[in-house]
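The analysis underlying the following values was restricted to heavy atoms, covering all of them including side chains, and did not include hydrogens, waters or symmetry mates.
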Amino acid sequence: MSDLAPFESVREDWQRALAVVAHPDDLEFGSAAAVARWTGQGKEIVYCLVTSGEAGIDGMSPDETKVVREAEQRASAGVVGVSAVEFLGLPDGIIEYGVPLRRELTKVVRRHRPDIVITNNFRETWDGAEALNQADHMATGRATLDAVRDAGNRWIFPELGLEPWGGVRQVWAAGSPDGRHAVDISGTFDRGLESLQAHEAYLRGLGEGAFDPEEFLEGIGRAAGTRLGTRYAAPFEVFTINLF
């Protein structure tokens with residue numbers, strides 16, 4: 001598929017979404033402006049962070065980093081209208097794809113009963129070529145996709161004691177090189193940028209001058225917007241759920 005192939009718009013005929021990602025800041029690197037659009041439409045969105053990002057700042061101990069990054073994520077979510085933020089507390093940097101992770105995420109899906117589930121790119125690269133993805137992202141995204149199907153099957157993880165939920169229509173992976181869909185974020189780009197900038201300690205930890213949040217988000221947003229026919233857009237790879 002050509003890099004310039006037009007994007008299709010994601011569906012917006014839903015009310016509840018669950019966003020599951022590995023670390024604080026993962027949603028802000030591309031999806032937060034879309035979240036701001038949807039909360040502005042009156043939709044309900046819950047954030048679930050698999051880790052607290054405690055291994056993400058080289059110059060700060062994990063115990064201190066955990067507290068700081070959880071606080072920054074809650075503040076960041078608030079910028080885009082999200083008040084429900086959960087942390088599963090799995091160890092940062094060494095998330096493993098497998099049945100235990102699927103079970104934890106199935107529990108989250110069954111509790112929140114969303115229409116749409118949002119996660120991050122879980123392909124091996126960000127560009128379909130050589131920009132290597134991170135192991136936690138790949139494990140979390142793949143387990144999220146599988147957990148959505150697990151959640152709808154009453155015979156998988158019955159020990160959770162929760163009613164099955166087969167109402168998830170689609171899973172959207174943000175930033176995937178295989179994405180063919182997007183949403184217009186022209187009206188909420190600034191709130192998405194503010195949401196990323198709320199991760200102050202993390203961004204400082206990258207080193208002075210090492211990263212410009214506005215330049216980064218503009219680059220992604222403009223490229224996707226060109227393919228959607230808007231000023232800015234947020235791209236997603238869309239998976240439609242079949243339970244069996």
Determine whether a donor-acceptor pair (N or O, by modelled atom type, separation under 3.5 Å) exists between the side chain of T106 and the backbone of R102. yes
Checking T51 side chain against L90 main chain: does a donor-acceptor pair fall under 3.5 Å? no
Any chance CZ of R16 has more than 12 other-residue heavy atoms, nucleotides or ligands included, within less than 6.0 Å? yes
Could you check whether atom CD of Q41 has more than 12 heavy atoms from other residues, nucleotides or ligands sitting under 6.0 Å from it? yes
Side-chain donor-acceptor pair present, D184, S186, cut-off under 3.5 Å: yes
Return the CD1 to CG distance between I118 and L27, rounded to the nearest 0.5 Å. 7.5 Å
Whether the side chain of D92 engages the backbone of E54 through a donor-acceptor N/O pair (distance < 3.5 Å, no angle test) should be reported. yes
Full working for side chain to side chain contact (heavy atoms under 4.5 Å, CB included) between H23 and H199: CA-CA 12 Å; H23 316 108; H199 293 275; over 6 Å; no
Can you tell me how the ring of W14 sits relative to the ring of W38, calling it parallel under 30°, perpendicular over 60° and tilted otherwise? perpendicular
Interatomic spacing from OG1 in T144 to CZ in F239 - rounded to 0.5 Å: 11.5 Å
Once the angle between the rings of F216 and F29 is folded into 0 to 90°, is it parallel (under 30°), tilted (30 to 60°) or perpendicular (over 60°)? perpendicular
Under-4.0 Å salt bridge between K43 and E12: no
Quick one: does Q15's side chain have a donor or acceptor within less than 3.5 Å of a partner on G42's backbone? yes
Would you say the side-chain atoms of W165 pair up with the backbone N or O of R111, donor to acceptor, closer than 3.5 Å? no
OG1-CG distance between T140 and L101, expressed to the nearest 0.5 angstrom: 6.0 Å
Check this for me: K107, atom NZ, are more than 12 non-hydrogen atoms of other residues, nucleotides or ligands nearer than 6.0 Å? no
Kindly say whether D25 contributes a backbone atom to a donor-acceptor pair with the side chain of E28 at under 3.5 angstrom? yes
Please check this pair: side chain of T125 against backbone of E130, looking for a donor-acceptor N/O pair closer than 3.5 Å. no
Sidechain-backbone polar pair: T39 side chain, V80 backbone, donor-acceptor under 3.5 Å: yes
If you measure only the distance, is there a donor-acceptor pair under 3.5 Å linking the side chains of Q170 and H181? no
